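Note on naming: letters A, B, ... go to the chains in the order of the sequence lines (proteins, then strands), and numbering restarts at 1 for each one. Everything numeric in this text was worked out from a predicted model, so none of it was measured.
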Amino acid sequence: MTRDRARRVTRSLSTWFRKSARKLPWRQRRTAYHALVSEFMLQQTQVSRVLEYYPAFIKQFPTFRALAAADEQEVLAAWQGLGYYRRARNLHRAARQIVAEHGGRLPKNIDQLQELPGIGRFTAGSLASILFGQAQPIVDGNVLRVLSRLAGETLADDQAWAHAAFLVSMADDPAIFNEGLMEMGAIVCTPSAPRCGACNLKRLCRARKQGIQEEVPRPRTRKQPKKVHHYVAAVRHRGKLLFQQRPEEGLWSNMWQLPTVESDRTCKVSELVFETPITQLRSLGRFEHQTSHRRIHFHVLEGKLDASASFQGQGTWRLPTKIQDLPMSNAQRKVLAMVVGQ
DNA sequence: AAGCCGGGGAT
DNA sequence: ATCCCAGGCTT
């Protein structure tokens, strides 16, 4: 790309963004803390979803120190329903690291930023440019699409990073240019039916010139979700239900659930082996839950603790109305609704 | 390089 | 039903 073309692109895009930027909560006060929370929440998550969580999260954890002082379970509970829960755990760990190792201030150096858990190449570049004005490139899903369409071909990741680096080096204001690049992808240069008529870059867009803007970039290949089965048992005792915590690794790590057996295949009720012995199992219903990599068939049961077996106390007994402190996946919340609805 | 990690909006 | 989303981490 020539210097002249890069200058045209950065100018046109920055002009558009200065005029059209959405008013978003994390754009009101540009503090490092607000920027960091929004960056984590926005990873692989659309702005409209983040808007449902961000204000309450900031209210509950207003500063790095407040977040660092919280328990991980509190942070997970504030995150529940938003997905990709490792982000919440990483954000919590990052806050603790910032307080412990950086005096409660976010480092400005891009390499130091990337040493924080949950901050990779993109988030480090985003913080360095938007928060600190450094000419660091960023490439996310939006940017890859915008740059590919400008170039008239599907860019490989390293090509896109090279384009982004050259462009941001030509920009008068790296913060405006980078944030505008993402906003352009979200608002104008959308995956399907891009609003080319309203685009400030239309005269510079090679995909549009060839009429292939809907074909560029080519869709990523995706594996189809694996089908699995989760057998969930509601165990009651004096109006309370037994809840157990999931393992630290894998799906919904460290979150809570009713006792659950997972299998790659359908099982007969008689062959289910729960960690805690449960008898008199009876079916209450079923539903499907979809994630990016799994199609989970939930089988909801009820049963009783096996009185002949010793209960190790693995879990906690709670009234279904008093579980606000137990972070749970949306799927297990659906299970609970089905159980309580009976 | 490929797999894993959620949940929902848009079409 | 399919694609996508202000990606990062692990293998």
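Relative ring orientation between A/Phe298 and A/Phe287 is described as parallel, the plane-to-plane angle staying below 30° on a 0-90° scale split at 30° and 60°.
A/Gln332 places a side-chain N or O within 3.5 Å of a backbone atom of A/Leu258 that can act as its donor or acceptor partner. The backbone N or O of A/Ile176 lies less than 3.5 Å from no partner atom in the side chain of A/Arg18, so there is not a single donor-acceptor pair. Here the side chain of A/Gln44 pairs no donor or acceptor atom with the backbone of A/Gly83 at under 3.5 angstrom.
Listed nucleotides B/dG8, C/dG7, B/dC5 differ in distance to A/Gln43; the shortest reach to its side chain belongs to C/dG7. In this structure, of C/dA6, B/dT11, C/dC3, it is C/dC3 that holds the atom nearest to the side chain of A/Arg222. Taking every side-chain heavy atom of A/Lys223 into account, B/dC4 is the closest of C/dG8, B/dC4, C/dA6. Distance from the side chain of A/Leu251 is smallest to B/dG6 among B/dG6, C/dG7, B/dG9. Between C/dC4, B/dG7, C/dG7, one nucleotide has an atom nearer to the side chain of A/Ser329 than all others, and that is B/dG7.
Mapping A/Gln46 and A/Ile119 onto DNA chain C by nearest heavy atom places A/Gln46 closer to the 5' end of the strand. The 5' end of DNA chain B is approached more closely, in terms of each residue's nearest nucleotide, by A/Arg87 than by the other of A/Arg87 and A/Ser192.
When side chains are defined from C-beta on, A/Leu272 counts as touching A/Leu301, because their heavy atoms get closer than 4.5 Å.
Between A/His293 atom NE2 and C/dC3 atom C1' the separation is 14 Å, expressed in whole Å. For the pair A/Glu52 CD and B/dG8 P, the computed distance is 9 Å after rounding to whole Å. Distance OH (A/Tyr84) to P (C/dA6): 13 Å, rounded to an integer number of Å. What separates CH2 of A/Trp79 from P of B/dG6 is a distance of 12 Å, to the nearest Å. Distance A/Phe40 CZ to C/dC9 P: 8 Å, rounded to the nearest Å. Rounded to whole Å, the distance from CZ on A/Arg49 to P on C/dC4 is 19 Å. The distance between atom CD of A/Gln224 and atom C1' of C/dT2, rounded to the nearest whole Å, is 12 Å. When rounded to the nearest whole Å, the span between CD of A/Glu249 and P of B/dG6 equals 11 Å.
No contact: A/Val50 has no heavy atom under 4.0 Å from any strand. At a threshold of 4.0 angstrom between heavy atoms, the contacts of A/Gly185 with the nucleic acid are absent. Contacts of A/Trp26 with the nucleic acid, taken as non-hydrogen atoms under 4.0 Å apart, include base atoms. Residue contacts for A/Thr123: at a heavy-atom cut-off of 4.0 Å it reaches the sugar-phosphate backbone alone, with no base atom in range. Contacts of A/Arg27 with the nucleic acid, taken as non-hydrogen atoms under 4.0 Å apart, include base atoms. Residue A/Ile130 is classed as having no contact, given no heavy-atom separation below 4.0 Å to the nucleic acid.
Dashed line: the shortest gap from a side-chain N or O of A/Arg86 to OP1 or OP2 of B/dG6 is not under 4.0 Å. Within the 4.0 Å cut-off from OP1 or OP2 of B/dG7, at least one side-chain nitrogen or oxygen of A/Tyr85 is found. In this structure, A/Arg145 reaches the C/dC5 phosphate: one of its side-chain N or O atoms is under 4.0 Å from OP1 or OP2. For A/His289 and B/dG7, the shortest distance from a side-chain N or O to OP1 or OP2 is below 4.0 Å. For B/dG8, the OP1/OP2 oxygens have no side-chain nitrogen or oxygen of A/Thr45 closer than 4.0 Å. Residue A/Trp252 places at least one side-chain N or O under 4.0 Å from the OP1 or OP2 atom of B/dG7. Taking side-chain N and O atoms only, A/Arg294 has a distance below 4.0 Å to OP1 or OP2 of B/dC5. Within the structure, every side-chain polar atom (N or O) of A/Asn330 is placed at least 4.0 Å from both OP1 and OP2 of B/dG6.
Rounded to whole Å, the P atom of C/dA6 lies 14 Å from the corresponding atom of B/dT11. For the P atoms, the distance from B/dG6 to C/dT11 is 16 Å, rounded to whole Å. Rounded to the nearest Å, the gap between the C1' atom of C/dT10 and that of B/dG7 is 22 Å.
Side-chain contact of A/Asn142 with A/Arg145: a donor-acceptor pair under 3.5 Å is present, judged by distance alone.
If you check distances only, the side chain of A/Ser292 does reach the base of B/dG6 with a donor-acceptor pair under 3.5 Å.
Cation-pi geometry between A/Arg121 and A/Trp161 is met: under 6.0 angstrom from the ring centre, within 45 degrees of the axis.
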